[in-house]
Structure formats: structure tokens, C-alpha cells
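The next block holds one structure in the form of C-alpha cells; read it before the comments.
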Protein chains: 2
Amino acid sequence: MEKKFNIIIADDHVMFLDGLHAILSELPEIDTIHLATDGVQVMRLLHQFKDVEMVISDINMPKMDGLTLLSEVKKFNSNIKFFVLSMLEDMRTINKVVQKEADGYLLKFADKEELKAAVKEVLSGEQHYSSTVKERYMKGVFEKKKNPTVELSARETEILKLLAEELTSKEIAEKLFISVNTVETHRKNILLKTGSKTTTGAVKYAIENDILD
Amino acid sequence: MEKKFNIIIADDHVMFLDGLHAILSELPEIDTIHLATDGVQVMRLLHQFKDVEMVISDINMPKMDGLTLLSEVKKFNSNIKFFVLSMLEDMRTINKVVQKEADGYLLKFADKEELKAAVKEVLSGEQHYSSTVKERYMKGVFEKKKNPTVELSARETEILKLLAEELTSKEIAEKLFISVNTVETHRKNILLKTGSKTTTGAVKYAIENDILD
DNA sequence: CAAAGTCTCACTGATATCCGTGATTTTTCA
DNA sequence: TGAAAAATCACGGATATCAGTGAGACTTTG
């Protein structure tokens with residue numbers, strides 16, 4: 001007799017969750033499926049049901065998002081498999097998921113057969129990343145060597161956020177109790193690092209890279 | 001014997017589509033369910049199967065998006081029910097869906113029971129909009145009277161796009177063969193209409209409202 | 001047709017941004 | 001603990017932005 005697994009699935013779109021439930025119920029290797037609509041619920045379920053071996057989760061969720069949840073779950077018990085199921089396929093997200101060592105990452109564009117196969121693989125101890133994700137990641141690793149990884153410092157990010165709220169250098173200086181000159185210096189560095197000519201460009205960069213709230 | 005309906009469901013996330021299929025299969029009033037992953041496919045199916053009475057569709061789809069599809073379907077045969085199922089709940093989208101007279105609009109946050117109830121309602125000839133959508137729409141109608149509907153003109157939009165690309169007024173003037181003064185006037189009007197103090201704010205507005213490409 | 005809206009242009013002045021360049025002091029972390 | 005990174009500050013000058021005001025030409029639409 002084959003071992004049967006207990007899992008948790010999480011997604012804030014209840015409808016998607018229901019659909020996922022229906023699909024995964026067809027898998028004979030799965031026993032109990034717990035449902036959650038946010039990360040906090042997942043953690044609660046993990047504490048309650050010690051026999052859960054796998055979490056399948058979305059990234060965009062209220063209360064505790066999927067990436068934070070991934071860290072929390074691995075901290076709680078690193079043997080628990082974590083499978084990410086998301087619509088996000090941007091470099092930033094992919095990098096984070098890989099770095100945090102998720103056991104799998106499938107985009108929601110995949111069909112149910114691919115999902116079932118992937119889940120089975122992960123349950124058996126292997127990893128499963130969708131081909132799109134793998135390609136992007138490799139491309140990212142490759143391109144990172146040319147692009148000296150534009151990383152803004154904490155202070156720069158803070159100032160960029162205020163700039164996005166239409167504050168002037170003077171206003172920012174007053175708000176942060178620093179000199180206008182300092183703010184201007186930070187601005188210059190922000191433009192340099194983001195490769196923009198204007199504040200507008202830097203803010204666009206911030207939005208596209210999810211730096212703002 | 002009750003009449004049974006044939007429907008088409010469309011969503012580019014195949015996994016979601018499969019889940020939806022599973023859920024709707026539980027409804028006794030539904031006969032055949034055709035699947036599609038973009039608007040073009042839906043139109044093809046409609047031409048092929050003349051007995052389809054309802055289309056349930058997402059908004060974000062490749063090739064032909066849900067809103068265009070809604071118009072196309074109603075043009076093809078206005079008796080066909082069109083039910084929108086989307087994650088989008090911003091004012092802009094809601095307004096468009098209502099204006100194009102969809103028969104229903106449910107957010108993906110709804111659960112399967114709500115979905116089944118809504119689909120039944122629409123099949124019986126009624127409308128079904130989720131309460132969130134209804135509230136937002138009413139709020140929009142209400143607020144529109146204060147805010148004289150911020151609509152940018154074609155020229156303003158064109159200039160805003162160039163501003164987002166970090167062009168200066170002078171550069172824009174040269175590109176469009178008009179005076180710098182004119183560009184400046186447009187900028188002022190853009191700031192006025194978008195309610196921003198800076199170009200940065202206007203560009204943020206543009207991004208949030210999907211005005212840019 | 002007339003009103004409304006859009007697109008065009010001009011001028012002034014206050015203020016903000018961007019560029020270049022250089023320097024000191026904390027903080028971080030290997 | 002010592003080098004690297006980050007945060008702080010300064011000054012000058014060229015240029016751009018924003019605000020206010022006014023106005024003529026063209027297009028759309030009730």
C-alpha cells in the first residue's frame with residue numbers, strides 16, 4: 001500500500017481554491033486536503049495538523065503573502081514541501097522563489113495534468129519548476145553579470161517612495177530631518193542606479209520592480 | 001423536464017479553467033461546456049455551435065481580451081448571456097463591463113456556491129453582479145458628479161506617454177513639431193486633470209489607469 | 001448654428017531638478 | 001579590525017518644471 005499524503009492548499013481566490021481542490025482530489029496519493037485563503041491560516045493549520053507534508057500556495061495573498069509564508073513554513077519544518085502556484089512570472093519573483101528554495105513553481109497557465117504530474121514529483125522528493133520559470137531564471141543569472149544588479153539602499157528606497165508621492169527634495173529633507181543637499185545626493189544616486197534621467201523614470205522603475213508599497 | 005443549457009467558459013489560465021469546469025459540471029441545468037483560452041477561440045466556438053446560450057469569461061486574455069469579446073458576442077447574438085469572471089475590481093473595468101451590458105460580473109474571490117447561484121440566475125434571465133462590484137459602481141456614479149470625469153484628450157495622452165519615456169518638453173515639442181509652449185500647456189492640463197503636482201504623479205496615474213502601452 | 005472642447009501659441013517669474021565634484025562620518029561585514 | 005558601502009553635507013550653474021493668464025483656430029456635437 002502506497003503512502004498517502006496530507007496537504008494544505010492556499011489561495012485568496014476561493015473559486016480557484018475550489019477548482020484546485022477538485023483537481024487534486026483526483027490524485028490517489030493525496031489523503032486530506034486542507035484549505036486556506038491566506039498565509040496566517042496556513043501556519044495555523046500547520047500547528048494544528050502535524051501530519052501535513054506539503055503546502056501548495058499562491059503568492060499574492062492578504063495577511064501573509066506566499067513568499068513570507070514560504071520562509072515561515074521552511075523555518076517551522078524544513079521537511080515540509082512547498083509548492084508555489086502563481087500568475088507571477090517576473091524575474092524578481094522568480095529569483096525570490098528560487099532563493100527561498102521552494103520545491104516547485106508552476107504558473108497558473110499550466111493545465112491540470114501538468115499540475116498533477118508536478119505535485120506527484122514534489123511529493124516523491126524531487127523538484128519541479130515550470131520550463132518558463134527555469135528559462136527566465138537562467139536568463140536572469142546570465143544577464144546579471146552585465147547589469148551590476150541595481151540594488152537601492154534602504155535610504156534610497158525610502159526617498160524614492162516619497163518622490164513617488166510627489167514630494168520635493170525640500171519636503172523630503174524636512175520630513176527626514178536631513179539636509180536638502182543630502183536628499184539631492186540620494187536622488188542622483190537613485191537616477192544612476194536605476195538608469196533613469198528623471199525622477200519620473202525612477203518611479204516607473206520602482207513600480208515595475210515592486211519597490212513601492 | 002427542465003431545459004438544459006450549453007455554455008462556453010474562457011480563461012487563459014488553463015488550471016483555473018479546469019477548476020471552473022469541475023465546479024460548473026455539478027450544475028444540473030448545464031449540458032455541454034466548451035472550453036476556450038482566448039477570445040478568438042470563443043468566437044470560433046460560437047460560430048461552430050449555434051446552440052450556445054452563455055459565455056463565462058475572464059477579462060485578461062491574450063489575442064482578444066474579455067471586454068472586446070463581450071462586445072463581439074453581443075454583436076454576434078445579443079441573446080447570448082455574457083458573464084464576466086475576473087480578478088479586476090477597479091473602477092475603470094467595472095464601468096466598462098456595466099456599460100457594455102454584461103449579464104453578470106463576479107470577482108474570483110467569490111466561492112463556488114456563489115458562482116453556481118449566479119450562473120443559475122443569469123441563465124434564468126436575470127442579472128447578477130457581485131455586491132462589491134455594485135457598490136463600487138454606485139460610488140463611481142456618485143463621485144463622478146464631483147470629479148468631472150478625468151478624461152485625457154488624445155493629444156494629452158500622447159504627451160503623457162512621451163513624458164513617461166523621460167522626454168523633456170523641448171524634446172517632445174521637437175518630436176511632435178509643435179511649440180514648447182504648447183507642450184507646457186498640455187502638461188499643465190494633464191496635471192490638472194490627473195490631480196497631480198508633478199509629472200511623476202501624472203505618470204503614476206497613467207500606469208495605474210492603464211493609459212500607457 | 002452655437003456652445004463646448006481641443007489644440008495651438010506666448011510671456012513671466014518663482015522654484016525645482018539635474019550635473020559635476022569633492023569630502024566627512026557612520027555602518028556593515030568579511 | 002580594516003576595507004567597503006552607505007549616509008551625510010556643500011556649492012555652483014545650466015536647464016526644466018510649474019503656475020498664472022490670455023487668446024486665436026479648428027473640430028465636434030446637441
Side-chain angles (χ1 to χ4, degrees), chain A residues 95 99 144-207 209 211-212, chain B residues 92 95 99 144-209 211-212:
Chain A
N95 278 331
Q99 269 167 28
K144 209 169 269 178
K145 279 165 189 165
K146 299 184 199 168
N147 261 38
T149 318
V150 181
E151 275 286 353
L152 295 183
S153 73
R155 199 55 154 177
E156 285 160 355
T157 305
E158 187 178 13
I159 287 174
L160 185 47
K161 278 184 193 172
L162 296 174
L163 286 171
E165 286 169 23
E166 309 193 54
L167 299 201
T168 64
S169 292
K170 199 167 75 170
E171 290 167 331
I172 293 174
E174 280 159 9
K175 187 155 199 156
L176 300 182
F177 303 106
I178 56 179
S179 151
V180 179
N181 298 306
T182 307
V183 177
E184 292 276 303
T185 302
H186 283 307
R187 284 182 81 137
K188 268 176 284 192
N189 292 331
I190 291 169
L191 293 188
L192 247 178
K193 290 190 181 177
T194 60
S196 354
K197 249 171 50 191
T198 63
T199 301
T200 300
V203 169
K204 252 184 73 184
Y205 170 91
I207 294 175
N209 290 286
I211 291 171
L212 308 179
Chain B
R92 199 181 195 80
N95 278 330
Q99 269 167 30
K144 210 169 267 176
K145 280 166 188 163
K146 300 184 200 169
N147 259 38
T149 317
V150 181
E151 274 285 352
L152 296 183
S153 73
R155 197 56 153 177
E156 285 160 356
T157 305
E158 188 178 13
I159 287 175
L160 185 48
K161 278 185 193 170
L162 295 175
L163 286 171
E165 287 169 23
E166 308 194 57
L167 299 201
T168 65
S169 291
K170 200 168 76 170
E171 290 167 332
I172 294 174
E174 279 159 10
K175 187 156 198 156
L176 301 182
F177 303 107
I178 55 179
S179 152
V180 179
N181 298 305
T182 305
V183 176
E184 292 276 299
T185 302
H186 283 307
R187 284 181 82 135
K188 269 176 283 193
N189 292 329
I190 291 170
L191 295 188
L192 247 179
K193 289 190 181 177
T194 60
S196 354
K197 250 171 51 191
T198 63
T199 301
T200 299
V203 169
K204 252 184 72 185
Y205 170 91
I207 294 175
E208 278 154 12
N209 291 284
I211 290 172
L212 309 179

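First the proteins, then the strands, lettered A, B, ... as listed; each starts at 1.
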Distance (rounded to the nearest 0.5 Å) between [X] [atom1] and [Y] [atom2]:
X      : Y      : atom1 : atom2 : value
A:S169 : A:E174 : OG    : CD    : 11.0 Å
A:T199 : A:R187 : OG1   : CZ    : 3.5 Å
A:I190 : A:Y205 : CD1   : OH    : 11.0 Å
B:S153 : B:I159 : OG    : CD1   : 8.0 Å
A:L162 : A:L176 : CG    : CG    : 6.0 Å
A:K175 : A:E165 : NZ    : CD    : 6.5 Å

- Task: Quick one: do A:K161 and A:E158 satisfy salt bridge (charged side-chain N to carboxylate O under 4.0 Å, His left out)? Show the steps, please.
- Result: CA-CA 5 Å; A:K161 278 184 193 172; A:E158 187 178 13; over 6 Å; no
- Item | B:H186 side chain near B:N181 side chain, heavy-atom distance below 4.5 Å |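 No, every pair of side-chain atoms sits at 4.5 Å or beyond.
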Atom-pair distance ([atom1] on [X]; [atom2] on [N]), nearest Å:
X      : N      : atom1 : atom2 : answer
A:F177 : D:dC9  : CZ    : C1'   : 18 Å
A:L192 : C:dT17 : CG    : P     : 17 Å
B:I159 : C:dC9  : CD1   : P     : 10 Å
A:E171 : C:dA16 : CD    : P     : 8 Å
A:N189 : C:dT17 : CG    : C1'   : 15 Å
B:E174 : C:dC9  : CD    : P     : 14 Å

- Item | CA sep, side-chain torsions, deciding dist, call: B:V203, B:L160, side-chain contact (heavy atoms from CB on, under 4.5 Å) | CA-CA 7 Å; B:V203 169; B:L160 185 48; 4.1 Å; yes
- Message: Protein within reach of the bases, or only the backbone? For nucleotides 16-30 of chain D, mark each nucleotide 5' to 3' as B, S or -, using heavy atoms under 4.0 Å.
- Response: -SBBBB---------
- Given the rule in the salt bridge (charged side-chain N to carboxylate O under 4.0 Å, His left out) test, do B:E184 and B:K170 qualify, once you have shown the distances and angles that lead to the verdict? CA-CA 9 Å; B:E184 292 276 299; B:K170 200 168 76 170; over 6 Å; no
- Query: Once you build an axis from the first five pairs and another from the last five of the helix from C:dC1-D:dG30 to C:dC18-D:dG13, how far apart in angle are they, to 10 degrees?
  - Reply: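 Computed angle between terminal axes is 40°.
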- Quick one: is B:N181 getting a side-chain N or O under 4.0 Å of the C:dA10 phosphate, OP1 or OP2?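 Affirmative; the distance criterion is met.
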- Message: Under the criterion side-chain contact (heavy atoms from CB on, under 4.5 Å), I'd like the reasoning laid out for B:T200 against A:L163: C-alpha separation, chi angles, the key distance, then a yes or no.
- Response: CA-CA 8 Å; B:T200 299; A:L163 286 171; 5.9 Å; no
Anything under 3.5 Å between a protein N or O and an N or O of nucleotides 4-7 of chain D, put it in a table, one pair a line.
residue	atom	partner	partner atom	Å
D:dA7	OP1	A:R155	N	3.2
D:dA7	OP2	A:S153	OG	2.2

- Message: Can you check the distance between C:dT24 and D:dG13, where both ends of the measurement are the P atom (answer in whole Å)?
- Response: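 The same atom, P, in both gives a distance of 23 Å.
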